[in-house]
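One structure below.
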Amino acid sequence: MKISGNLHNLAPVFYNTSGLFKKPKKNLESSKMQNSDTEKGGIYVKPLTTTKKQEDTISRALNELEQVEFSLNDILYMKNLGVTMPFKNGREAVNYLNSKSIDIKYAEFSNRSVHACLDTSEKIPVVLINSDYKDLATFPDILALSEAMMHEAGHAKDNDSINSIQEEINCLALNVLTHQHYKNAYPDVFEKQTSPLYLEGVNLYDKLFFDFDPDKKALKKRISEKYGYLNIASPNHAASFMAQEIKKMS
């Protein structure tokens with residue numbers, strides 16, 4: 001997910017995830033803002049000061065991500081679905097984040113179902129992770145958080161603030177292939193994980209992308225529900241047949 005806007009003194013600010021800044025309505029309860037605005041992709045974010053323990057967690061996640069390799073079969077599988085992979089492996093993603101001095105921080109999100117997003121409001125983007133996860137530090141959590149970092153690194157790669165259905169498909173595929181690597185490297189590591197980070201995130205998309213259904217109806221439905229409000233394509237993300245089908249469902 002990609003957001004843009006202006007941050008002022010770490011105060012809550014509204015972001016429209018399609019890349020357009022929208023001022024919040026005055027005298028409107030936050031719950032109503034979420035109900036009306038998040039349907040169009042808008043969220044409020046409040047970045048937090050990162051503690052030493054959280055810095056260590058982020059560093060461990062990046063170290064794990066740097067070891068990630070995608071299998072050739074998985075890359076071809078994604079290509080057949082219409083995916084264009086922003087990176088060939090985890091090392092490329094980490095090197096990109098480092099080369100662009102892209103920081104990773106935790107932030108409070110008005111929409112708590114959002115796992116992470118890329119803030120493009122300043123010259124140098126920032127990866128923001130949901131503050132609900134700020135104290136997660138078990139090994140499975142480290143791996144899951146690194147998948148979120150991989151996803152946002154994919155958004156950063158095109159160096160613009162515009163998002164699209166196709167871009168989300170491409171970045172979700174990064175999550176999934178990273179997840180596949182971890183499942184092979186650390187068998188059963190994600191078993192019995194029941195937090196939203198797993199059930200609504202890393203485990204879910206792995207299941208949906210590798211669903212035996214050749215039409216991927218469940219995957220298309222999920223992406224349509226979350227990202228169907230976006231344009232089909234964006235700069236550097238030409239629309240695939242899957243993206244077109246998802247837009248028709250929205």
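In this text the structure is predicted, and so the values were computed from the model without any measurement.
- Partners of D74 by salt bridge (charged side-chain N to carboxylate O under 4.0 Å, His left out), not counting sequence neighbours: none found.
- Looking at K216 and D211, no side-chain N of the basic residue comes within less than 4.0 Å of a carboxylate O on the acidic one, giving no salt bridge.
- For the pairing with Q180, the side chain to side chain contact (heavy atoms under 4.5 Å, CB included) check across Y77, F209, F210 returns one residue only, F210.
- Side-chain contact between N184 and H181 is absent, with no heavy-atom pair separated by less than 4.5 Å.
- Note that CG of L136 is 4.5 Å distant from CG of D141, once rounded to the nearest 0.5 Å.
- No single ILVMFWY cluster, assembled from side-chain heavy atoms under 4.5 Å apart, contains both L230 and I232.
- Proximity of M150 to L177: side-chain heavy atoms (C-beta onward) are nowhere separated by under 4.5 Å.
- Between L62 and I58, some side-chain heavy-atom pair lies under the 4.5 Å cut-off.
- Proximity of M78 to L81: side-chain heavy atoms (C-beta onward) are separated by under 4.5 Å at one or more points.
- L143 has its side chain within reach of V189: a pair of non-hydrogen atoms, C-beta onward, lies under 4.5 Å apart.
- The side chain to side chain contact (heavy atoms under 4.5 Å, CB included) test with S224 singles out one residue from I165, I246, L219, and that residue is I246.
- S161 and T120 share no side-chain donor-acceptor pair at under 3.5 Å.
- Partners of E152 according to the salt bridge (charged side-chain N to carboxylate O under 4.0 Å, His left out) rule, which considers only residues two or more places apart in sequence or in another chain, do not exist here.
- Every side chain to side chain contact (heavy atoms under 4.5 Å, CB included) that S195 has, sequence neighbours left out, goes to L197, Y198.
- At least one donor-acceptor pair closer than 3.5 Å links the side chain of S99 to the backbone N or O of Y96.
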Requested in this report: Take E200 and Y205 through the test side-chain contact (heavy atoms from CB on, under 4.5 Å) and record every step on the way to the result.
Outcome: CA-CA 8 Å; E200 295 296 319; Y205 284 103; over 6 Å; no

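- A salt bridge links E225 with K221: at least one charged nitrogen is closer than 4.0 Å to a carboxylate oxygen.
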**Report entry** Residue pair V45, D119: steps toward the side-chain contact (heavy atoms from CB on, under 4.5 Å) verdict
**Finding:** CA-CA 9 Å; V45 298; D119 170 22; over 6 Å; no

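- The closest side-chain donor-acceptor pair between N203 and Q193, if any, does not fall under 3.5 angstrom.
- Here the side chains of M149 and I129 are in contact, with some heavy-atom distance below 4.5 Å.
- Checked by atom type, the side-chain pair Q166/S240 shows a donor-acceptor distance below 3.5 Å.
- Looking at E245 and K248, a side-chain N of the basic residue comes within less than 4.0 Å of a carboxylate O on the acidic one, giving a salt bridge.
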Query raised in the report: Could you go step by step and tell me if K46 and F109 meet the side-chain contact (heavy atoms from CB on, under 4.5 Å) rule?
Result: CA-CA 7 Å; K46 181 182 179 182; F109 295 169; over 6 Å; no

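- Sorted by first and then second residue, the ring pair (Phe, Tyr, Trp, His ring centres under 6.0 Å) pairs involving residues 230-250 (not counting sequence neighbours) form an empty list.
- No more than 12 heavy atoms of other residues, nucleotides or ligands sit less than 6.0 Å from atom NZ of K105.
- The minimum heavy-atom distance between M85 and V83, with the atom names listed, is SD-CG1, 3.5 Å.
- A distance-only check finds no donor-acceptor pair linking the side chain of N170 to the backbone of G154 [under 3.5 Å].
- A search for salt bridge (charged side-chain N to carboxylate O under 4.0 Å, His left out) contacts involving K217 returns D213, not counting sequence neighbours.
- In this structure, the side chains of V126 and I104 stay at 4.5 Å or more apart for every pair of heavy atoms.
- A salt bridge is defined here as a Lys NZ or Arg NE, NH1 or NH2 lying under 4.0 Å from an Asp or Glu carboxylate O, and K183 with D188 fails to meet this definition.
- Put simply, the side chain of Y227 does not reach to within 4.5 Å of the side chain of E167, judged on heavy atoms.
- Taken together through direct or relayed side-chain contacts under 4.5 Å among Ile, Leu, Val, Met, Phe, Trp and Tyr, V114 and L118 form part of one hydrophobic cluster.
- Both L145 and F139 belong to a common hydrophobic cluster when Ile, Leu, Val, Met, Phe, Trp and Tyr are linked at side-chain heavy-atom distances under 4.5 angstrom.
- Rounding to the nearest 0.5 Å gives a distance of 12.0 Å between NE2 of H155 and CD1 of I102.
- No donor-acceptor pair closer than 3.5 Å links the side chain of N231 to the backbone N or O of A233.
- In this structure, a donor-acceptor pair under 3.5 Å is present between the side chains of N175 and H151.
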Requested in this report: Starting from the C-alpha separation in whole Å, work towards a yes-or-no answer on side-chain contact (heavy atoms from CB on, under 4.5 Å) for V202 and Y182.
Outcome: CA-CA 11 Å; V202 297; Y182 290 148; over 6 Å; no

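- The two residues N163 and S234 make their nearest non-hydrogen contact at O-CB, 4.0 Å.
- A continuous path of hydrophobic side-chain contacts links Y186 to V68 [ILVMFWY only; heavy atoms under 4.5 Å].
- Annotation: ring pair (Phe, Tyr, Trp, His ring centres under 6.0 Å) contacts of H179 (sequence neighbours excluded): F190.
- To the nearest 0.5 angstrom, L65 atom CG is 11.5 Å from E92 atom CD.
- Within 6.0 Å of CG in N95 there are more than 12 heavy atoms belonging to other residues, nucleotides or ligands.
- Cation-pi contact between K157 and F87: present, with separation from the ring centre below 6.0 Å and deviation from the ring axis of at most 45°.
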